[in-house]
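Every chain is numbered from 1 and lettered A, B, ... according to where its sequence line falls, protein lines coming before strand lines.
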2 protein chains.
Amino acid sequence: MENVTIRMLAERLQLSTATISKALNNSHEISEETRQRVLALAAELNYVPNPYASSLRKKASNTIAVVIPEVADSFFAEAINGIEAVAQEKGYHVLIYLSHENCQKEQTILKDFQSGRVDGVLISVTTETTATGLEQLVRDKPVVFFDRVCEEVKAAKITTDDAAAAYRATTHLIAGGCRRIGLLSASRQLSISNKRAEGFQQALLDHQLPLLPNAITYCTNDSAANHQLLKTAFLENDYDGIIATTEKLSTAVYEVCEALQWRIPEDLQVIGFSNLSTARFLHPSLTTITQPAFEMGKAAATLLFRALKSNNFPLQQQQEVIPSSLIARNSTLAKDK
Amino acid sequence: MENVTIRMLAERLQLSTATISKALNNSHEISEETRQRVLALAAELNYVPNPYASSLRKKASNTIAVVIPEVADSFFAEAINGIEAVAQEKGYHVLIYLSHENCQKEQTILKDFQSGRVDGVLISVTTETTATGLEQLVRDKPVVFFDRVCEEVKAAKITTDDAAAAYRATTHLIAGGCRRIGLLSASRQLSISNKRAEGFQQALLDHQLPLLPNAITYCTNDSAANHQLLKTAFLENDYDGIIATTEKLSTAVYEVCEALQWRIPEDLQVIGFSNLSTARFLHPSLTTITQPAFEMGKAAATLLFRALKSNNFPLQQQQEVIPSSLIARNSTLAKDK
DNA sequence: CTGAAAGCGCTAACAC
DNA sequence: GTGTTAGCGCTTTCAG
């Protein structure tokens, strides 16, 4: 059976394609009676509209893009959930693009968006991203950054309280008796990484603790390389507390401690930014800064759809900070928050 | 700046749109010289083709759909990674749909595929799915099932060695001294669940162990309900070993054991189907059946693209079973494999 | 090697 | 209320 088109419906009902189109789109200029006839026949013939014909004509695709570095990270997985929930409700489709922490790939992806393939974009940038390409994208169409935002670009942003979270994490370690605290950062560029570093430094300052010369270790995307990097850093700096600012780095700390036979929390107290549902079952259970991943995805999508619905919504000025929470467990000694 | 179209290029170069189109598509009927001129101007004006116009005309979208129950599960997250890697390489786009374990939602999603929005579909069905709708889909366009396949439908399938894995898991528990083994199943319908159950039963049989009347607990998608269900099952059946056939159920077992103050592995040995990278750091470290998630996604996508490339590829007959592996850790007592 | 023309399926003006 | 017409931007015969 070949595809049923609006034209076939028109012929069968002795109506024009325009009428059919309007009837199917619940236009108010169509009488209830013909509307019903059209709908009935459409159902009978199992008519399914061709989205591309419609998109071409309307210059709107009912599709949004989600661009993230990777998906195998609880944060992004949950964020996608939040995004998809909203999109499904609004009848939008979700195209997913993984940049694999590769700025080049990200550029290629962004370039494609100039085609009109998507009506809007939700993006969390790579660790290497600069403003290049993003400025243009934001000018072209509705964009909402979430979590890993690009500071330089004026655009809608959903973030969590990065600096405050790191401040709290640091304070928590200090309360647990740590004096030589290290921070593992995912990037020198990423504003959220820098904010976390700032919160960390401020906390040290406020508690009259010196910033160790090698307090901050900048990690890469290569887990084997990171392992080596951390091992060296741990041995050289003799940390008594560490803050891992990503989920992967949190796991890496456990691996390295195992390799070095350092006990957590006796030899090293650990706090990690992580959304792992199993954090409480780790050995020892991991004290976490848990980000509101699902909510952030949902908030970002909601914002995007508001902009998609009304043109005069000042999207670029929207900024939302959703607080994270510190959950104290056994990888740190301070029991309060 | 309004969108650059093929027509604008044509006017500027005093050529026809047909020539431009051919030049851009590297048609061999175009002279190298004009091809270069066209490409140069396209680059200069930053021409980006409209994918929907092209799709409408060609009746092909260069887009595939991935339909999965959820994304917050390491298995699916890794599978997406595998899929996306292949798709990106082939220049395809990936639409993602979450069925949220809801058969109704899944139906709605499948229905949309009749529109020609996607050229092919990769799907892992919900725990409730029946053949309804799937038969039609498979008739309509290339489809590859992965992991959670639908037995009744004749179609390409990528699975892991479910029965064998469960058999091995059971044998492993028996080797560790378990005599009252329970299995936590995600579904009564799902063929992979049933195969796991079969492998389990066969192993008991082969080792002359009786199948407890309540050996198999069928869980739901509601984690609170599951928690209660497991608690009751654990107390009533006094298991000494348990096989959790999904990642979520594995975590649930840890939760319930904590609540009941049962020690793992002394009171209950646990083995879980899980791809969690942190399995080795759980307390106690979790013995797992680890599925080749990334490979399965990759294999499924590769198969789909083969079908998309050549029409006479007998896609529906393709079946691939990728073995899983048992990784013995401290939640079970047997140390061999 | 290049171009003219026809249309993919749908929608939006504008008539009637 | 319904129909006519003219495309959206691209690809594909088929002529030349």
Side-chain angles (χ1 to χ4, degrees), chain A residues 1-39 41-42 45-63 91 93 112-119, chain B residues 1-39 41-42 45-63 91 93 112-119:
Chain A
M1 180 186 84
E2 66 197 50
N3 270 330
V4 182
T5 69
I6 223 173
R7 184 135 121 223
M8 294 168 63
L9 298 181
E11 278 166 11
R12 291 256 261 161
L13 293 175
Q14 298 286 39
L15 290 169
S16 73
T17 59
T19 306
I20 304 290
S21 174
K22 287 172 188 163
L24 292 171
N25 291 292
N26 298 318
S27 162
H28 290 295
E29 14 176 338
I30 297 295
S31 76
E32 184 55 23
E33 194 211 325
T34 51
R35 207 177 70 88
Q36 288 305 338
R37 281 176 61 214
V38 172
L39 259 40
L41 186 65
L45 299 186
N46 193 26
Y47 166 76
V48 184
N50 181 318
Y52 296 135
S54 169
S55 293
L56 177 58
R57 184 62 238 245
K58 293 202 291 191
K59 292 181 179 299
S61 63
N62 261 246
T63 303
H93 297 257
D112 181 62
F113 296 157
Q114 291 179 22
S115 69
R117 187 186 294 279
V118 296
D119 298 340
Chain B
M1 179 187 84
E2 66 197 51
N3 271 329
V4 183
T5 68
I6 223 174
R7 183 136 120 222
M8 294 168 62
L9 299 182
E11 278 166 11
R12 291 256 260 162
L13 292 176
Q14 297 288 39
L15 288 170
S16 73
T17 58
T19 306
I20 305 291
S21 173
K22 287 172 186 164
L24 291 171
N25 291 290
N26 298 318
S27 163
H28 290 295
E29 10 175 345
I30 299 294
S31 76
E32 184 56 23
E33 194 211 323
T34 51
R35 207 177 70 87
Q36 289 305 339
R37 281 176 59 214
V38 172
L39 259 39
L41 186 66
L45 298 186
N46 194 25
Y47 166 76
V48 183
N50 181 318
Y52 297 136
S54 168
S55 292
L56 177 59
R57 185 62 237 244
K58 293 203 290 191
K59 293 182 178 299
S61 62
N62 260 247
T63 303
H93 298 256
D112 181 62
F113 297 157
Q114 292 179 22
S115 69
R117 187 186 294 278
V118 296
D119 298 340

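The residue among B:Thr17 and A:Tyr47 whose nearest nucleotide of DNA chain C is located toward the 5' end is B:Thr17. Both A:Arg57 and B:Val48 lie close to DNA chain D; mapped to their nearest nucleotides by heavy-atom distance, the more 5′-ward contact belongs to A:Arg57. Taking for each of A:Leu24 and A:Glu29 the nucleotide of DNA chain C with the nearest heavy atom, the 5'-most of the two is the partner of A:Leu24.
Which of C:dT11, C:dG9, D:dG3 sits closest to the side chain of A:Thr19 comes down to D:dG3. For B:Lys22, taking side-chain heavy atoms from C-beta onward, the closest of the listed nucleotides C:dT11, C:dG3, C:dT2 is C:dG3. The side chain of B:Lys58 sits closest to D:dT12 out of D:dC8, C:dC10, D:dT12. With D:dC10, C:dA4, D:dG3 as the candidates, the nucleotide lying closest to the side chain of B:Ala18 is C:dA4. Ranking D:dC10, D:dT2, C:dC10 by closeness to the B:Ala53 side chain, first place goes to D:dC10. Distance from the side chain of A:Arg7 is smallest to C:dC8 among C:dC8, C:dA13, D:dT11. The side chain of A:Ser31 lies closest to D:dG1 when the candidates are D:dG1, D:dC10, C:dA4.
Across the protein-nucleic acid pair, B:Asn26 atom CG and C:dC1 atom C1' stand 16 Å apart, rounded to whole Å. In this structure, B:Ile6 atom CD1 and C:dA4 atom C1' are separated by 15 Å, rounded to whole Å. One atom, CZ of B:Arg35, and another, P of C:dC1, lie 12 Å apart when rounded to the nearest Å. Atom-to-atom, CG of A:Asn50 to P of D:dC10 comes out at 17 Å; the value is rounded to the nearest Å. Between the NE2 atom of B:His28 and the C1' atom of D:dT11 there is a distance of 17 Å, given to the nearest Å. Whole-Å rounding puts the B:Lys59 NZ to C:dG9 P distance at 3 Å. When rounded to the nearest whole Å, the span between CZ of A:Arg117 and C1' of D:dC10 equals 14 Å. Following rounding to the nearest Å, B:Asn25 (CG) and D:dT12 (P) show an atom-to-atom distance of 8 Å.
Between A:Thr63 and A:Arg117, the closest heavy-atom pair is CB-O, 4.0 Å. Taking each heavy atom of B:Leu24 and B:Ala42 in turn, the nearest pair found is CD2-CB, 4.1 Å. Residues B:Ser16 and B:Thr19 approach most closely at OG-OG1, 3.0 Å, considering heavy atoms.
In summary, of the residues considered (B:Met8, B:Arg12, B:Gln36), a side chain to side chain contact (heavy atoms under 4.5 Å, CB included) with B:Leu41 occurs for B:Arg12 alone.
Among the protein residues, B:Glu32 comes within range of no part of the nucleic acid, since none of its heavy atoms lies under 4.0 Å from any strand. Residue B:Ser21 is in base contact, counting any heavy-atom pair closer than 4.0 Å across all strands shown. Residue contacts for A:Glu33: at a heavy-atom cut-off of 4.0 Å it reaches no nucleic acid atom on any strand shown. Contact annotation for A:Ser55: no contact, since no heavy-atom pair falls under 4.0 Å across all strands.
Between the side chain of B:Ser115 and the backbone N or O of A:Asn50, no donor-acceptor pair lies under 3.5 Å. In this structure a side-chain-to-backbone donor-acceptor pair under 3.5 Å is missing from A:Thr17 to A:Arg7.
Side-chain N/O atoms of B:Ser54 include none lying less than 4.0 angstrom from OP1 or OP2 on D:dG9. Regarding contacts with the backbone of D:dG3, a side-chain N or O of A:Ser16 is found under 4.0 angstrom from either OP1 or OP2.
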